[in-house]
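Down below is the structure, laid out as structure tokens.
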Number of protein chains: 2
Amino acid sequence: MEADNSRTEEYLESIYKLQQEQHPVSTSRLAEHLKLSAPSVSEMVKKLTGKGLVFHSEKGVCLTDDGKSLAKKVIRRHRLSERLLTDILGYKWDEVHDEACKLEHAISPEMEDRIAESLGNPKTCPHGHPIPDKEGNLVKEKVKPLSELKAREKGIIVNVFEEDPNMLKYLASLGMLPDVCVKVEEIAPFGGPLIVCVAGSRYALGREVASKIKVK
Amino acid sequence: MEADNSRTEEYLESIYKLQQEQHPVSTSRLAEHLKLSAPSVSEMVKKLTGKGLVFHSEKGVCLTDDGKSLAKKVIRRHRLSERLLTDILGYKWDEVHDEACKLEHAISPEMEDRIAESLGNPKTCPHGHPIPDKEGNLVKEKVKPLSELKAREKGIIVNVFEEDPNMLKYLASLGMLPDVCVKVEEIAPFGGPLIVCVAGSRYALGREVASKIKVK
DNA sequence: TCATAATATTAGGTATACCTAATCAAAAAA
DNA sequence: TTTTTTGATTAGGTATACCTAATATTATGA
Ligand SMILES: [Mn+2]
Ligand SMILES: [Mn+2]
Ligand SMILES: [Mn+2]
Ligand SMILES: [Mn+2]
């Protein structure tokens, strides 16, 4: 019978994403992201180790080459799903994450190809993240968080590292979407907000939020 | 946590389909269709009974009103998925069944609506079967098997009660698709084939195959 | 009617993936 | 350095959905 790898895929996907923040991923961070208990994750990580998909370093869990390869396949399916949802079915960018997170496990390689083709082989998901190609290559643009720009500096939004629908909805309402130009007018002291200018309007943006927005 | 009803959905879907052939569905027939052992099905049917989705009559398993309602939801998602695959992603009618059978469990009510709308609220799947509406209403056309037509009688193909890709591929190669007109030229005796005329060409069609093709 | 065959269910077991409570180990604080 | 806190794992358990082998039930047909 055909195995159901959806849990394995979900773990690898999470590990891949979390390692972008800090390299070896801790059990607790992974458990938090997957909304599972630490022992559950601990146990599953052991199984993934047995399958040669992850290994344990000093500081935490790392993906093996096989694990990385599978993770990128899942991420490709996830991001293509998001594009299908926005470009063809008319979803907003804040509505697609959870749907795509289920769809990604129900998509065959055949279907993945067809979606990519039908969409004209898109390079990024609606949040600006690169879609790995069939071989697992993905182009990471050199970016920095909006929060690191200095006063009077400009940047173009590349992507938004955030999956919370409310946050995304909020950002969309300010017009802060990929490819949009943002200027930091001034930076309030003592960890205060950034005053940014987007399409002629000025907004005060918290540091936390600004750090999720990556610009070039 | 959100429950995974995919197995429940798969059982109800099968029961619904099989009961169209013969009303109360036997455990063995169900096991065969689901490609599972009889004891597995026996056990699962007991669980479905506990959930109030099916009940046991003399002759076999029947859907309760709740069961029928859920089954029709699954079938709606299945058939909309098939249409998405053919109409938007360019699949052939013989390639969609298995893909749709996985997709149908990963589609939210929200997404179901969006697919239906994007496709212009189609009335049937690529095989000619009606797509139940949101409320579970579905229009069954009055049809009979092609095998019951008499010599020289004509009919229009309404649907094909078959999910085997090879059979569907074969029928498509003869141009035998929904809405196509077929004329039975003659019927060979002793259970022999039907000689049919489709779009000017004549073909010999086995009785078994002809009984799967429903015409009006 | 009685034996045979088909169907359904029970019994007992496996794999997967989750949980809480308890324990162990490492890091940070006192 | 000893204590406390945080983090990870072990121990023991549950739910779900599958399996094979054995048994029971129902039909069929000789
Ligand atoms: Mn996911
Ligand atoms: Mn995305
Ligand atoms: Mn199905
Ligand atoms: Mn169909």
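The chains referred to below are lettered A, B, ... by the order of the sequence lines, with proteins before strands, and numbering in each begins at 1. We use all heavy atoms of the structure for the numbers below, so side chains are in, but hydrogens, waters and symmetry mates are not.
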Rounded to whole Å, the NZ-P distance (B/Lys51 to D/dA15) equals 13 Å
Which of the following nucleotides, D/dA8, C/dC19, D/dC19, is nearest to the side chain of A/Leu36? C/dC19
Salt bridge or not between A/Lys150 and A/Glu186? Use side-chain N to carboxylate O under 4.0 Å. no
Which whole-number value in Å describes the distance from A/Glu43 CD to D/dA15 C1'? 14 Å
Taking only side-chain N and O atoms of B/Arg7, does any of them lie within less than 4.0 angstrom of OP1 or OP2 on D/dC18? yes
Rounded to whole Å, how long is the line connecting atom CG of A/Asp4 with atom C1' of D/dT16? 12 Å
Between B/Lys59 and A/Thr8, the residue closer to the 5' end of DNA chain C by nearest nucleotide is B/Lys59
Nearest listed nucleotide, side chain of B/Thr27, among D/dA21, C/dA8, D/dT9: C/dA8
With a 4.0 Å cutoff (strictly under), does any side-chain N or O of B/Lys46 reach OP1 or OP2 of C/dT10? yes
State which of D/dC18, C/dT16, C/dT9 makes the closest approach to the side chain of B/Ala38. C/dT9
Expressed in angstrom and rounded to an integer, what is the separation of A/Leu30 atom CG from D/dA8 atom P? 10 Å
Would B/Lys214 and B/Phe161 count as a cation-pi pair here, with the cationic atom under 6.0 angstrom from the ring centre and within 45° of the axis? yes
Can you check whether B/Ser42 has a side-chain N or O nearer than 4.0 Å to OP1 or OP2 of C/dT10? no
For A/Lys134, does the NZ atom sit with more than 12 other heavy atoms under 6.0 Å from it, leaving out its own atoms? yes
Does C/dA6 have OP1 or OP2 under 4.0 Å away from a side-chain N or O of B/Ser28? no
Which one, C/dA8, C/dT20, D/dA8, comes nearest to the side chain of A/Ser26? D/dA8
Rounded to the nearest angstrom, tell me the gap between atom CG in A/Leu48 and atom C1' in D/dA8. 16 Å
Looking at A/Tyr11, does any N or O in its side chain come under 4.0 Å of the phosphate oxygens OP1/OP2 on C/dC18? yes
For the rings on B/His97 and B/His78, is their centre-to-centre separation under 6.0 Å? yes
With a cut-off of less than 4.0 Å, is there a side-chain N or O of A/Ser40 near OP1 or OP2 of C/dC19? yes
Pairwise 5' ranking along DNA chain C for A/Ser37 and B/His56, keeping only the more 5' one: B/His56
Just how far, in rounded Å, is C1' of D/dA8 from CZ of A/Arg29? 17 Å
Lys/Arg N to Asp/Glu carboxylate O, A/Lys92 vs A/Glu95, below 4.0 Å: no
Rounded to the nearest Å, what distance is computed from the CD atom of residue B/Glu58 to the P atom of nucleotide D/dT25? 16 Å
Between A/Glu82 and A/His127: side-chain donor-acceptor atoms closer than 3.5 Å: yes
What is the distance, rounded to the nearest whole Å, between atom CD of A/Gln22 and atom P of D/dG7? 11 Å
To the side chain of A/Lys47, which of D/dT9, D/dT16, C/dA17 is closest? C/dA17
